[in-house]
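Below: one structure, written as structure tokens.
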Amino acid sequence: MAKSAPLPGTADIFPAEARAWRFLEETGRKVFERYGFGELRTPVFEATEVFQRGLGDETEVVQKEMYTFEDRGGRSVTLRPEGTAGVMRALLNTDVLNGVEQRVYYTGPMFRGERPAAGRRRQFHQIGAENVGRVAPELDAECIAMLLDFLGELGLSDAVLKLNTRGVATDRPAAAAALKDYFSRHLDVLCDDCKKRLEGNVWRILDCKQPACREVIAGVPDYAGMFSAESRAYFEEVCRRLDWLGIRYEIDPFLVRGLDYYVHTVFEITHAGLGAQNAVAGGGRYELLLPGESKPVVGVGFAAGMERLLMARESLGLTAAAPELSMVFVAALGDRAEEFKVKFAQRLRHDGVAVMTEPAGKSLKAQMRAANRVNARIAVIAGDEELARGVAVLRDLGSAEQREVGLAELAQAVRDALGC
RNA sequence: GUGGUUGUAGCUCAGUUGGUUAGAGCGCCUGGUUGUGGCCCAGGAGGUCGCCGGUUCGAGUCCGGUCUCCCACCCCA
């Protein structure tokens, strides 16, 4: 049991693991910038209304998962439960409402007050991208293509893409009425949650996992077929463009995302080996109405769960490349040598070399053990005796070969030995 | 939020039907080499047995509570 554990659903990420995280972030940056996206960093907390209005009061996230509190000025603020709303708030300061496109990506912690489980934390991390300001099927397709490129570079090309359309606001009343009518006729079989959803949000019944509900859901009417011709054409065009790119997808009429802001295209990427939470990424096209605005911000984007991406990579045995080993260890014996150790180590570091030493007073054996522990490639051993003769020992810890080098050439000799 | 499960050294774990000073492996420290790492050998440091309470002559072992881990539901990334 950890002496000093972080709060439930949060985690400390130590250096070895942080390397894997950095790999994810760097891969994301590389891929997203190829599509013309730039990083946008927004605050981790926002005025509560940003999420309430942005995500919709109906959503589960807003209703019971937000970390909301009053700050010292009595304002209600909320730790961001997702990235899109804050990004949209920030982009209101650009011309997006006039149709000028903004392409941004973000990464960082998100907060949701849920019970932790496999692939689910209270502080979790997402990396996501948003193409904001314009509406076009090709932007949706490009967004999906970019996400798949990212996953591919992570070694996750076996992920599965599911796709669906939610139509637009004016398409929904008729479709929702049809669904409601259908489900009311099977009310007796539906689970309690679904009975509530029938009144609150019929769409959510579509992704219920209860076996009894699933049977009813399987016979659901073709609601997408009731959408307007424009909406259907939009979705067909997205699919056509994915076909052009050879992207494989599965149209899943039961895919509804939990956030209310989605319109038209919605998608989800799942990966095997993750437990019950098998979605590594999700997204779609959206319209967000933010506080103080009469017009919604439009865009298409996705968010990927970094913990889940890492889990997926782990399930495949993929690990981030270990850093190149180029550590130099400086060992000293004697008072004069101690001063040399400190100065020489500093000099090498200023030359861009990674250097470690042990505190004074350790035996040479202990210093060499430390050199081995930190995986040093070469050791510089300086004793008063050598220094008096104007030399120091340069030892290759791989081959165990060593030689004396004049102090004037020592720094260069170390760099040569490292090949830099 | 509801359920199930777990909790002994820095890490991974043993610990017999409750019985004296709680163990192993790895890691760490020291020594075996007046000044040379990895391997080996010897020694050492390190634990209020998650926490609180109860039963008992006696609790790491039993009981209750609580917290936590992990997992499922739920929700979603």
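Only heavy atoms go into these numbers, but all of them, side chains included; no hydrogens, no water, no symmetry mates. Worth saying up front: this structure is predicted, and the values here are computed from it rather than measured. Below, read A as the first sequence line, B as the second, and so on, with proteins coming before strands; counting in each chain starts at 1.
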Rounded distance in Å - [atom1] ([X]) to [atom2] ([N]):
X       : N      : atom1 : atom2 : answer
K64(A)  : C74(B) : NZ    : P     : 11 Å
E114(A) : C74(B) : CD    : P     : 13 Å
Y261(A) : C76(B) : OH    : C1'   : 11 Å
L255(A) : C76(B) : CG    : P     : 11 Å
L310(A) : A77(B) : CG    : C1'   : 13 Å
R120(A) : A72(B) : CZ    : C1'   : 10 Å
N278(A) : A72(B) : CG    : P     : 10 Å
L206(A) : C76(B) : CG    : P     : 13 Å

message = Using the ring centroid of each side chain, check whether F302(A) and F267(A) are separated by less than 6.0 Å.
response =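 Between F267(A) and F302(A), which both carry aromatic rings, the centre distance is not below 6.0 Å.
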Partner lookup for [N], please. Criteria are Watson-Crick or G-U wobble with both distances under 3.5 angstrom; report none if nothing qualifies.
N      : result
C28(B) : G44(B)
U6(B)  : none
C69(B) : none

ask   = Taking NZ, NE, NH1 and NH2 as the nitrogens, is one of them in D396(A) or R377(A) under 4.0 Å from a carboxylate oxygen of the other?
value =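 Judged by the 4.0 Å cut-off on N to carboxylate O distance, D396(A) and R377(A) do not form a salt bridge.
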Spacing of CG belonging to L394(A) relative to CZ belonging to R403(A), to within rounding of 0.5 Å =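 Between L394(A) CG and R403(A) CZ, I get 5.5 Å after rounding to 0.5 Å.
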inquiry  = Closer than 3.5 angstrom, by distance alone: can the side chain of E101(A) be matched with the main-chain N or O of N131(A) as a donor-acceptor pair?
reply    =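 It does not hold such a pair.
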task = Would you check if the side chain of D252(A) reaches a backbone N or O of F254(A) as a donor-acceptor pair within less than 3.5 Å?
result = yes
Is a donor-acceptor contact shorter than 3.5 angstrom present between the side chain of [X] and the base of [N]?
X       : N      : value
Q277(A) : C74(B) : yes
R204(A) : C74(B) : no
R308(A) : C76(B) : yes

What interatomic distance, in whole Å, is found between [atom1] of [M] and the corresponding atom of [N]?
N      : M      : atom1 : answer
G25(B) : A9(B)  : C1'   : 12 Å
G7(B)  : U68(B) : C1'   : 8 Å
C49(B) : U8(B)  : P     : 11 Å
U34(B) : A24(B) : P     : 31 Å
G54(B) : G18(B) : C1'   : 15 Å
C40(B) : G23(B) : C1'   : 24 Å
A22(B) : G31(B) : P     : 29 Å
G47(B) : C39(B) : C1'   : 30 Å

Distance-only polar pair, side chains of [X] and [Y], donor-acceptor under 3.5 Å:
X       : Y       : answer
E130(A) : Y105(A) : no
N278(A) : T270(A) : no
D140(A) : H264(A) : no
Y223(A) : R172(A) : no

query = Across the strands shown, which category fits G334(A) at heavy-atom distances under 4.0 angstrom: base, sugar-phosphate, nothing?
reply = nothing
task = Please work out if I127(A) contacts a base, only the sugar-phosphate, or nothing of the nucleic acid, heavy-atom cut-off 4.0 Å.
result = nothing
task = Using a cut-off of strictly less than 4.0 Å between a heavy atom of the residue and any atom of RNA chain B, enumerate the qualifying residues of residues 9-22 of chain A by number.
result =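 The stretch gives G9(A) as the residues lying under 4.0 Å from the strand, ordered by number.
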inquiry  = Which nucleotide wins on minimum distance to the side chain of R115(A), given the candidates C76(B), U2(B), A77(B)?
reply    =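 Selected nucleotide (nearest to the side chain): U2(B).
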task = Could you check R89(A) against E46(A) for salt bridge (charged side-chain N to carboxylate O under 4.0 Å, His left out), going step by step and ending with a plain yes or no?
result = CA-CA 9 Å; R89(A) 197 228 78 232; E46(A) 297 274 353; 2.7 Å; yes
key: Residue whose closest nucleotide on RNA chain B lies nearer the 5' end, R112(A) versus L7(A)   = L7(A)
key: 5'-most by nearest nucleotide on RNA chain B - P116(A) or K209(A)   =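 Nearer the 5' end of the strand: P116(A).
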key: Nucleic acid footprint by protein, nucleotides 33-43 of chain B - heavy-atom cut-off 4.0 Å, B for base, S for sugar-phosphate alone   = --BBBB-----
query = Considering the options L259(A), D260(A), L55(A), which one meets the side-chain contact (heavy atoms from CB on, under 4.5 Å) requirement together with V62(A)?
reply = L55(A)
